[in-house]
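What follows is a set of notes on a single structure, which appears directly below.
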Number of protein chains: 2
Amino acid sequence: MALLKHSRQRDSIVEYLAGTKEHPTADMVYANIREQFPNISLGTVYRNLSLLNELGQVVKITTPGQPDRFDYRTDPHYHFICVKCGRVIDLDIEDKDIGDIDAIAGKGFDGIVNGHICQFYGICPDCVREERKHGN
Amino acid sequence: MALLKHSRQRDSIVEYLAGTKEHPTADMVYANIREQFPNISLGTVYRNLSLLNELGQVVKITTPGQPDRFDYRTDPHYHFICVKCGRVIDLDIEDKDIGDIDAIAGKGFDGIVNGHICQFYGICPDCVREERKHGN
DNA sequence: CTATGTGCAAATCCTTTGCATCAAC
DNA sequence: GTTGATGCAAAGGATTTGCACATAG
């Protein structure tokens, strides 16, 4: 297995991710890191994001029809995606309320269920307000 | 809104999807329909799959890092994806066991949660058997 | 010094689209 | 005969990769 070396670029990516709750795409990361490393390439951003993901330091969020997003929060939690504005928001769902869905899903199934990916959709607080303002 | 005309190609796609539980990708559909319509193009397959999806006759299943799959079953149900062989299998989860996760997710959230996408991962029955056979 | 990381550009994969022609109504 | 559907090929977006050079250890 390859030995891991330090890199200023990777540090910068981690720092940026750690400091935002925006769940940025690779492009957004790229745009941001560029302010400090004007020569960084998109390829490097992708390479580091996927390395960090493999190391378990970053979670990759894949949603239909949109570019992947990245989340520095690695503890188990869920994501809400606003169908109006596309924003991705962390949800804190109590584990006891949802933690056993793998077992529920596996009931009567002959294989082994040991994980799931679940994303919630709807309208985010900001967009709800926006709709009310325009009398919808 | 555009008027819908009949097409033999579309019929064939529907017929194929209705007769399989494989959750085929666009490529798999293409390969299959080609046996009857050797000149059909991949573009036509994509166009029809996405039309059928918009009409609600077909469900599109998006999974990270894999091409989309299509399912003729449109009643609410969940999918299991085998991490060994990639197979996608329908799960019948009793609605009372999982039907209220939107409400659970929305607890303490200021927006509106009105839907979710949830996929389960693990090892399918065939691969479980395979592992046992090789003493794993 | 040696191995890993970078920047750049090209390549890849899946999917969508423009356009001339064909088929359904 | 109008309009939607097709086939073909080209374009598109997101992501990965090959390679020569830079840099961390």
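Below, all heavy atoms of this structure are taken into account, side chains as well, without hydrogens, waters or symmetry copies. Just so it is clear, the model here is predicted, and its values are computed rather than measured. Proteins come first, then strands; the chains are lettered A, B, ... in the order of their sequence lines, and each starts at number 1.
Residue R8(B) contributes atom CZ, which lies 15 Å from atom C1' of dC25(C) at whole-angstrom precision. Y30(B) places its OH atom 13 Å from the C1' atom of dT6(D), with the value rounded to the nearest Å. Taking atom CD1 of I33(A) as the reference point, atom C1' of dG5(C) lies 15 Å away to the nearest angstrom. Residue L52(B) contributes atom CG, which lies 16 Å from atom C1' of dT15(C) at whole-angstrom precision. If you measure from atom CG of L49(A) to atom P of dG5(C), you get 14 Å, rounded to the nearest angstrom. The interatomic distance linking L3(B) (CG) with dA5(D) (C1') rounds to 12 Å, in whole Å. I61(B) has its CD1 atom 13 Å from the P atom of dT15(C), to the nearest Å. Look at CZ on F37(A): it is 15 Å from P on dG5(C), rounded to the nearest Å.
OP1 or OP2 of dT6(D) sits under 4.0 Å from a side-chain N or O of N48(B).
For the strand DNA chain D, secondary-structure stems (runs of at least three Watson-Crick or G-U pairs, all distances below 3.5 Å) span C:1-25 with D:1-25.
Looking at heavy atoms from C-beta onward, I40(B) lies in side-chain contact with R34(B) at the 4.5 angstrom threshold. The side-chain heavy atoms of T62(B) and R69(B), taken from C-beta on, include no pair separated by under 4.5 Å. Residues Y16(B) and V29(B) have side chains in contact (heavy-atom distance under 4.5 Å, counting atoms from C-beta outward). Two residues are said to be in side-chain contact when any heavy atoms from C-beta on lie closer than 4.5 Å; H77(A) and I93(A) fail this criterion.
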Given D92(B) and R73(B), is the salt bridge (Lys or Arg N to Asp or Glu O under 4.0 Å) satisfied, shown in steps? CA-CA 12 Å; D92(B) 286 298; R73(B) 239 188 101 175; 3.1 Å; yes
Given the rule in the salt bridge (Lys or Arg N to Asp or Glu O under 4.0 Å) test, do D126(B) and R129(B) qualify, once you have shown the distances and angles that lead to the verdict? CA-CA 5 Å; D126(B) 282 4; R129(B) 259 176 247 119; 2.8 Å; yes
Walk me through it: do K60(B) and F70(B) pass the test side chain to side chain contact (heavy atoms under 4.5 Å, CB included)? CA-CA 5 Å; K60(B) 186 198 283 196; F70(B) 298 88; 3.7 Å; yes
Determine, step by step, whether F80(B) and V88(B) satisfy the side chain to side chain contact (heavy atoms under 4.5 Å, CB included) criterion, reporting the C-alpha distance in whole Å, the side-chain angles of both residues, the deciding distance to 0.1 Å, and the verdict. CA-CA 6 Å; F80(B) 170 88; V88(B) 175; over 6 Å; no
Its contact letters, B for base, S for sugar-phosphate only and - for none at protein heavy atoms under 4.0 Å, make nucleotides 10-22 of chain D read ----SBBBB----
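Scanning for ring-ring contact (aromatic ring centres under 6.0 Å, His included) contacts around Y121(A) gives an empty result, with sequence neighbours left out.
The 5' end of DNA chain C is approached more closely, in terms of each residue's nearest nucleotide, by K5(A) than by the other of K5(A) and H6(B).
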Residues 102-117 of chain B side chain polar contacts: donor-acceptor under 3.5 Å, at least two apart:
residue, atom, partner, partner atom, Å
D102(B), OD1, H116(B), ND1, 2.6
D102(B), OD2, G115(B), N, 3.2
K107(B), NZ, D97(A), OD2, 3.1
H116(B), NE2, Y78(B), OH, 2.7

Identify each donor-acceptor pair in which a side-chain atom of residues 47-58 of chain A lies under 3.5 Å from a protein atom, sequence neighbours left out, and give them as a table.
residue, atom, partner, partner atom, Å
N48(A), OD1, R10(A), NH1, 2.9
N48(A), ND2, T44(A), O, 3.2
N53(A), ND2, V58(A), O, 2.9

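Only Q9(A), R10(A), listed by number, bring a heavy atom of residues 9-18 of chain A to less than 4.0 angstrom from any atom of DNA chain C.
Among the nucleotides dC8(C), dG5(C), dA5(D), the one closest to the side chain of L4(B) is dA5(D).
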